[in-house]
Amino acid sequence: MAPAPQIGKPVPDFTLPGGVLTGDRFERRDYALSLQRGRPLVLAFYPGDDTSVCTKQLCSYSSGLEQFQGQNAEVWGISPQDVDSHERFARKYDLRMPLLADTDRGVARTFGVAAPGIGVRRAVFLIGSDGVLHWKHVALLGATFQPLDTLARHLAGMPTA
């Protein structure tokens, strides 16, 4: 298995199915990291849809999307549940960022966040518009998450394309 992405190095490309709630529609499509180049990206790995801490985390990021968008960044949530589960989760909490389905945890393994028992460790990776990893946080225990202001501060410190 390849080592997890390191700060200052390019992040390996991946494509996952997912969807985003836009108005009343949940728009499904494939999301490819390579197609995101040119904009910073926040990858938020989380253990499960509609669980206590994950819900607080993603609701926080969704309600703060304007702050991310003000820095030209997009946020993608990634967990092992399928796209149908993501749609129910997004609709229940009005989540407005893409939720991606890593059902076989292949991307989680690539990023070094696959974990026995829980499936995926709570983690955040900030990828620059150049596809290089600029910051990451991988939780040992998933009871807390990185707050919006911490992510915004790190995004602000990243070089722009």
Side-chain angles (χ1 to χ4, degrees), residues 1-21 26-37 39-62 64-65 68 73-93 95-148 150-151 154-155 158:
M1 175 157 71
Q6 298 300 310
I7 292 175
K9 302 289 184 188
V11 176
D13 193 24
F14 66 83
T15 301
L16 287 174
V20 63
L21 190 59
F26 189 77
E27 299 174 3
R28 295 169 183 243
R29 68 175 178 89
D30 286 342
Y31 289 80
L33 182 62
S34 60
L35 297 178
Q36 184 62 25
R37 293 269 162 87
R39 288 185 71 189
L41 179 63
V42 177
L43 289 184
F45 287 88
Y46 65 100
D49 291 340
D50 209 5
T51 59
S52 177
V53 177
C54 296
T55 298
K56 289 177 189 166
Q57 177 184 15
L58 294 184
C59 284
S60 166
Y61 296 171
S62 184
L65 280 177
F68 291 118
E74 189 164 342
V75 181
W76 292 355
I78 302 176
S79 77
Q81 291 75 43
D82 64 22
V83 179
D84 289 339
S85 176
H86 289 339
E87 180 175 359
R88 287 188 299 275
F89 185 41
R91 287 185 184 284
K92 183 173 181 179
Y93 295 101
L95 301 175
R96 298 294 171 163
M97 82 269 283
L99 300 178
L100 282 56
D102 186 19
T103 55
D104 69 357
R105 295 183 310 193
V107 173
R109 281 192 294 281
T110 297
F111 278 79
V113 298
I118 61 170
V120 172
R121 289 190 189 285
R122 190 174 316 282
V124 179
F125 294 81
L126 301 184
I127 301 168
S129 56
D130 55 0
V132 170
L133 180 63
H134 288 273
W135 185 83
K136 68 180 177 178
H137 180 270
V138 179
L140 294 177
L141 300 173
T144 61
F145 58 90
Q146 292 300 298
L148 175 65
T150 297
L151 301 179
H154 285 288
L155 278 170
M158 289 173 31

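Given the structure is predicted, the values throughout are model-derived calculations rather than measurements.
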Between [X] and [Y], what is the shortest heavy-atom contact and its length?
X	Y	result
Leu95	Ser62	CA-OG, 3.5 Å
Val42	Leu155	CG2-CD1, 3.9 Å
Ala73	Arg39	O-NH2, 3.4 Å
Arg28	Asp84	NH2-OD1, 2.7 Å

Between [X] and [Y], is any pair of side-chain heavy atoms under 4.5 Å apart?
X	Y	result
Arg122	His137	no
Leu58	Tyr93	no
Tyr61	Leu151	yes

message: Strictly below 4.0 Å, N to O, side chains only: are Arg88 and Asp50 in salt-bridge contact?
response: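 So Arg88 does not pair with Asp50 through a salt bridge.
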
Pair Asp102 + Arg109: basic N to acidic O under 4.0 Å: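 The answer is no: the pair does not qualify as a salt bridge.
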
Using only atom types and a distance under 3.5 Å, with no angle test, would you say the side chain of [X] pairs donor to acceptor with the backbone of [Y]?
X	Y	value
Lys136	Phe111	no
Gln81	Pro47	yes
Gln57	Phe145	no

field: Pair Ser79-His86, side-chain contact (heavy atoms from CB on, under 4.5 Å): steps then yes or no
entry: CA-CA 9 Å; Ser79 77; His86 289 339; 2.9 Å; yes

Cationic tip of Arg29 above Tyr31 ring, under 6.0 Å, 45° of axis: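 That pair qualifies as a cation-pi contact.
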
message: Checking Asp13 against Ser34 for the side-chain hydrogen bond (donor to acceptor under 3.5 Å, both in side chains) test, could you report, in this order, the C-alpha distance in whole Å, the side-chain angles of both residues, the deciding distance, and whether it holds?
response: CA-CA 6 Å; Asp13 193 24; Ser34 60; 3.2 Å; yes

field: Ile127 side, atom CD1; Leu43 side, atom CG - distance, nearest 0.5 Å
entry: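 If we round to the nearest 0.5 Å, Ile127:CD1 and Leu43:CG are 4.0 Å apart.
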
